[in-house]
There are 2 protein chains.
Amino acid sequence: MALISKSSEYGLRAALYIAARPDEAHVSVREMSAQMDISFHFLTKILQRMTRAGLLASTRGAKGGLALAQPAAKITLLDIVRSVEGDDLFRECLLGLAGCGEKRPCPLHRHWAKERARIEKLFRKMTLARLARETARDGLRLAD
Amino acid sequence: MALISKSSEYGLRAALYIAARPDEAHVSVREMSAQMDISFHFLTKILQRMTRAGLLASTRGAKGGLALAQPAAKITLLDIVRSVEGDDLFRECLLGLAGCGEKRPCPLHRHWAKERARIEKLFRKMTLARLARETARDGLRLAD
DNA sequence: TTATTTTAAGACCCGGGAGTCTGAAAATGG
DNA sequence: CCATTTTCAGACTCCCGGGTCTTAAAATAA
Ligand code: FES
Ligand code: FES
């Protein structure tokens with residue numbers, strides 16, 4: 001079971017792809033879908049959501065494409081994932097019970113809430129800028 | 001997006017339900033499905049998998065039902081979840097890339113692997129006995 | 001034996017995420 | 001103007017996890 005959806009995975013990979021670009025030029029969906037082996041049309045839909053959320057800036061027509069709408073240091077993983085799959089990530093009960101919280105905790109709440117908070121913090125603190133830097137420094141991969 | 005599947009959630013809740021029973025009597029699927037508001041037939045399928053995995057012992061016929069096949073102190077959350085949804089939990093890349101590992105890490109591997117290991121450890125160390133004890137002591141809930 | 005209660009097993013269905021396809025609209029270059 | 005390249009928008013199909021249903025088999029009680 002994956003922590004995030006396929007859509008979020010693709011959105012993160014695309015954001016990293018754009019941020020890792022040295023120049024500021026726009027990147028086309030066509031190029032990203034080819035380089036990372038992701039369905040062009042499906043990736044398009046995901047990036048549209050991120051554009052509407054104000055994370056990306058799009059330009060149509062020849063020489064068009066997508067670029068970051070904010071400095072890479074301002075965009076966090078949480079921003080991206082939330083823009084793609086909604087806000088209630090990191091708020092759900094591990095056992096799927098309704099109303100996760102201190103008021104009516106399930107047997108695993110105390111233990112799970114602690115780990116969940118750590119992951120949420122990781123996503124909230126990690127910026128595209130930092131990841132792009134690490135990616136370039138260590139030559140990390142964005143595809144299989 | 002949930003960390004574990006609905007099937008695992010139900011399997012965990014049922015295991016806790018059985019472990020929380022003071023007496024050693026067998027518990028019927030019918031009772032558990034009613035008490036926790038889970039589909040009877042669906043819960044049956046999940047508990048069958050746990051039975052085949054050697055976690056539960058089943059007895060058919062009148063007065064039959066399910067019981068733990070091992071002492072509650074020997075059964076971990078990891079045992080249960082693995083029996084329900086396979087072994088490659090806690091081994092997958094956060095970005096969904098094939099072959100997660102130190103050899104060909106993705107940009108998030110270093111950060112994600114650390115958190116993933118903590119959760120895996122939590123599941124590996126936590127026993128039904130301990131959870132049942134805490135559940136009884138604090139009157140925690142197993143249903144909405 | 002017969003009826004009842006329970007798990008075991010597997011076929012079946014359904015809804016939603018994942019992915020495809022078609023046709024626009026916008027921008028550029030000639 | 002026209003042709004090309006790109007994003008935008010939405011309808012459409014496919015697949016599988018989640019859930020239902022039916023039948024068999026095992027055990028108990030009368
Ligand atoms: S109530 Fe279950 S994790 Fe919070
Ligand atoms: S390779 Fe991506 S998390 Fe390990």
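Within every chain, numbering begins at 1; the chains are lettered A, B, ... in the order of the sequence lines, protein sequences first and strands thereafter.
Salt bridge A:R116/A:E120: absent, no basic N to carboxylate O contact under 4.0 Å. Using a 4.0 Å cut-off between charged nitrogen and carboxylate oxygen, B:R130 and B:E134 count as a salt-bridge pair. With respect to the salt-bridge test (charged N to carboxylate O, under 4.0 angstrom), the residues B:R21 and B:E31 qualify.
Protein atom CD of B:E85 is 10 Å distant from nucleotide atom P of D:dG17, rounded to whole Å. Taking atom CD on A:E31 and atom P on D:dT5, their separation rounds to 15 Å, with Å as the unit. A straight line from CZ of B:R49 to P of C:dA8 spans 13 Å, rounded to a whole angstrom. Rounded to a whole Å, the NE2 atom of B:H26 is 19 Å from the P atom of C:dT5. Atoms CE (B:M36) and P (D:dG19) sit 14 Å apart, rounded to a whole Å. Separating the CD1 atom of A:I46 from the P atom of C:dG17 is a distance of 13 Å, rounded to the nearest angstrom. Put simply, CD on A:E9 is 15 Å from P on C:dG17, counting in whole angstrom units. As rounded to whole Å, 13 Å separates atom P of C:dT20 from atom NZ of A:K6.
Between the CD1 atom in A:I46 and the CD1 atom in A:I38 there is a gap of 7.5 Å [rounded to 0.5 Å]. The CG atom of B:L66 lies 5.0 Å from the CE atom of B:M32; values are rounded to the nearest 0.5 Å.
Checked against side-chain hydrogen bond (donor to acceptor under 3.5 Å, both in side chains), A:R60 has no partners two or more places apart in sequence or in another chain.
Each of A:A62 and A:S7 was matched to the nucleotide of DNA chain C holding its nearest heavy atom; the match closer to the 5' end belongs to A:S7.
A:K63 comes within contact range of no nucleotide atom at all, as no heavy-atom separation falls under 4.0 Å.
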Task: Under 4.0 Å protein heavy-atom contact, by nucleotide of nucleotides 7-15 of chain D - B base, S sugar-phosphate only - done: BBB-B----
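Between B:S39 and the phosphate of D:dT20, there is a side-chain N or O to OP1/OP2 separation shorter than 4.0 Å. Contact annotation: A:Y10 does not reach the phosphate of C:dA18 (side-chain N/O to OP1 or OP2, under 4.0 Å).
Around CZ of B:R124, the count of heavy atoms belonging to other residues, nucleotides or ligands within 6.0 Å exceeds 12.
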